[in-house]
Amino acid sequence: MNQTENTYYDELKWNSVKSEFLNLENNPNPTILNQRTDLYEKLDLKKGNTFTSQLFDLKTSLPFNGTQKGTWKLENNNLILTIKQKNEELKRIYLVQEISKSKLALKIIREVSIEKGKQNTIYDLSNKEKSFNGIVNEIGIDKNEFLSESGEYFDDFWEFRNFGKYQVLSRWLKQGDDISKYSESIKDIINGNCWNYMPYYDPIFENTNQRLIFNKNRELIIRYGDLSSRNGGCGTLSNEDYKVDWEWNKGKNTITINFNNKEKIPFEILSLFREKELKTAKFKIIAKNDKVMIWENIE
């Protein structure tokens with residue numbers, strides 16, 4: 001799954017929680033942990049400091065790819081996995097966040113490859129964090145309104161990308177909009193290319209996204225792609241609207257979304273916010289201009 005954060009269980013514990021991870025075909029409303037709910041990784045840390053790891057299909061329990069083999073060691077609360085390939089050595093360094101008899105929670109902080117004595121950094125969490133903080137400081141926080149001008153989906157909306165702790169919103173560019181004043185990094189984010197600036201290992205799998213329209217009178221429209229295949233359809237996405245209440249506290253720079261609807265919350269909305277159930281979602285605005293917002297989940 002190559003996610004920033006990984007949780008592993010012993011076999012007994014895994015068998016008891018496995019049903020929560022089942023894919024759409026088995027369960028129309030699965031627990032949302034990541035976009036690849038159809039795969040899981042088995043990591044076997046053996047005696048003698050060797051290990052094997054492999055991805056499996058959750059439904060069939062069949063291998064998804066080949067087995068990786070190598071050595072492991074614990075060092076300064078880090079788990080270091082070393083994989084020897086043909087002419088290359090790959091090292092993954094994880095921070096051990098939790099360890100018990102039945103559960104091992106890891107966060108990948110660095111990955112390097114070594115070939116012919118030359119080391120190449122593939123991923124470094126600290127560099128990602130510096131890049132992200134630099135973008136936040138560059139954008140700053142203005143107090144300008146960001147309400148939809150018309151309430152029409154095709155006229156004015158924000159693309160909402162949820163990376164778990166952080167959310168990146170970019171406003172739809174209208175014809176004639178001039179963004180030449182912005183740096184190339186902020187232009188990237190405006191155009192939706194924000195993955196390189198997020199402190200995540202592989203956010204392609206870690207982000208969820210839909211489109212938001214912030215209207216007056218506390219109405220927020222979430223325009224989402226309806227997964228019609230769950231109901232026996234052909235699988236083609238159709239757009240649906242889900243309306244909720246929202247509040248913007250300008251003094252505290254917070255956004256609160258209230259899911260107080262009596263109707264059932266669609267799976268796609270639960271997926272967007274990575275939750276099993278929703279009542280409220282609260283965010284801190286940590287960066288904002290007329291085209292980009294970055295939020296941090298504080299609830």
Side-chain angles (χ1 to χ4, degrees), residues 1-10 33-56 63-100 103-138 161-166 168 183-186 188-189 192-208 294 296:
M1 288 181 285
N2 290 338
Q3 289 194 285
T4 303
E5 296 185 4
N6 298 268
T7 302
Y8 300 92
Y9 306 91
D10 70 1
L33 296 179
N34 55 74
Q35 285 192 315
R36 293 308 303 262
T37 52
D38 58 327
L39 300 178
Y40 70 92
E41 183 177 16
K42 182 178 180 181
L43 175 63
D44 188 2
L45 302 175
K46 303 175 185 292
K47 292 181 180 180
N49 293 94
T50 62
F51 81 90
T52 59
S53 68
Q54 190 167 35
L55 287 176
F56 288 85
F64 181 76
N65 60 1
T67 303
Q68 287 191 323
K69 299 179 180 180
T71 58
W72 66 273
K73 66 177 178 177
L74 281 173
E75 187 176 278
N76 299 325
N77 204 37
N78 290 338
L79 173 65
I80 303 174
L81 303 183
T82 302
I83 305 163
K84 288 191 176 181
Q85 301 170 335
K86 288 183 178 179
N87 300 312
E88 181 186 30
E89 185 177 270
L90 188 67
K91 284 185 181 289
R92 292 195 187 115
I93 299 96
Y94 296 86
L95 175 66
V96 178
Q97 297 185 298
E98 181 181 348
I99 186 168
S100 67
K103 184 178 179 181
L104 174 64
L106 305 173
K107 182 173 186 175
I108 186 167
I109 55 176
R110 201 155 181 262
E111 183 175 71
V112 298
S113 66
I114 303 169
E115 187 174 2
K116 296 180 179 178
K118 185 178 180 181
Q119 181 169 296
N120 176 45
T121 300
I122 300 172
Y123 172 79
D124 190 312
L125 177 60
S126 63
N127 289 340
K128 284 272 193 175
E129 289 174 335
K130 288 176 184 176
S131 176
F132 178 74
N133 291 333
I135 287 289
V136 168
N137 291 333
E138 182 180 351
R161 295 177 176 85
N162 188 2
F163 291 88
K165 181 179 180 180
Y166 297 111
V168 179
S183 68
E184 292 303 314
S185 298
I186 295 181
D188 275 350
I189 296 176
N193 302 318
C194 51
W195 295 279
N196 288 337
Y197 307 99
M198 298 303 296
Y200 289 89
Y201 177 76
D202 191 355
I204 301 289
F205 289 148
E206 294 195 11
N207 100 101
T208 50
I294 301 178
E296 181 177 352

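No hydrogens, no waters, no symmetry mates; every other heavy atom, side chains included, goes into these values.
- The aromatic ring centroids of Phe64 and Phe56 lie 6.0 Å or more from each other.
- Note: Thr4 OG1 to Leu125 CG = 7.5 Å, rounded to the nearest 0.5 Å.
- The shortest distance between side-chain heavy atoms of Ile122 and Val112 does not fall below 4.5 Å.
- Closest non-hydrogen pair, Ser185 versus Tyr197, comes out as CA-OH, 3.4 Å.
- With sequence neighbours excluded, no residue satisfies side chain to side chain donor-acceptor pair (under 3.5 Å) with Tyr123.
- Once rounded to the nearest 0.5 Å, the distance linking CZ of Arg161 with CD1 of Ile189 reads 10.0 Å.
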Would you be so kind as to tabulate the donor-acceptor pairs closer than 3.5 Å made by side chains of residues 67-74, with sequence neighbours excluded?
unit_1	atom_1	unit_2	atom_2	d
Thr67	OG1	Gln54	OE1	3.3
Thr67	OG1	Gln54	NE2	3.2
Gln68	OE1	Arg92	NH1	3.4
Trp72	NE1	Lys46	O	3.0
Trp72	NE1	Thr50	O	3.2
Lys73	NZ	Glu75	OE1	3.4

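- Two residues are said to be in side-chain contact when any heavy atoms from C-beta on lie closer than 4.5 Å; Leu45 and Leu81 meet this criterion.
- Residue pairs meeting the side chain to side chain donor-acceptor pair (under 3.5 Å) criterion with at least one member in residues 124-136, sequence neighbours excluded, are Arg110-Asp124, Asp124-Ser126.
- Side-chain contact between Ile114 and Lys91: present, with at least one pair of heavy atoms (C-beta onward) separated by less than 4.5 Å.
- Summarising the geometry, atom NZ belonging to Lys107 is positioned 12.0 Å from atom OG1 belonging to Thr7; distances are rounded to the nearest 0.5 Å.
- For the atom pair Asn49 CG and Ile80 CD1, the distance stands at 11.5 Å (nearest 0.5 Å).
- Side-chain atoms of Glu41 and Tyr8 form a donor-acceptor pair, as typed in the model, at a separation below 3.5 Å.
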* To do: Could you walk me through whether Tyr200 and Trp195 pass side-chain contact (heavy atoms from CB on, under 4.5 Å), step by step?
  => CA-CA 8 Å; Tyr200 289 89; Trp195 295 279; over 6 Å; no
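- Atoms NZ and CD, on Lys103 and Gln97 in that order, are 10.0 Å from each other to the nearest 0.5 Å.
- Side chains of Asn78 and Tyr94: a donor-acceptor N/O pair is absent below 3.5 angstrom, by distance only.
- Side-chain contact between Leu106 and Leu79 is present, with heavy atoms from C-beta onward closer than 4.5 Å.
- Counting only heavy atoms from C-beta outward, the side chains of Gln85 and Ile83 approach each other to under 4.5 Å.
- Looking at Asn162, its side chain does come within 3.5 Å of a backbone N or O of Gly164 through a donor-acceptor pair.
- Within 6.0 Å of CG in Asn137 there are more than 12 heavy atoms belonging to other residues, nucleotides or ligands.
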* Glu111 vs Ile93, side-chain contact (heavy atoms from CB on, under 4.5 Å): CA-CA, chis, key distance, verdict -> CA-CA 6 Å; Glu111 183 175 71; Ile93 299 96; over 6 Å; no
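- Using a 4.0 Å cut-off between charged side-chain N and carboxylate O, Lys165 and Glu296 make a salt bridge.
- Counting heavy atoms of neighbouring residues, nucleotides and ligands inside a 6.0 Å radius, atom CG of Asn65 exceeds 12 of them.
- The line from CG of Asp10 to OG of Ser100 is 8.0 Å long, rounded to the nearest 0.5 Å.
- Ser113 places no side-chain N or O within donor-acceptor distance of the main-chain N or O of Leu90, the cut-off being under 3.5 Å.
- Using a 4.5 Å heavy-atom cutoff, the side chains of Phe132 and Ile294 are in contact.
- Using a 4.5 Å heavy-atom threshold, the side chains of Cys194 and Phe163 count as touching.
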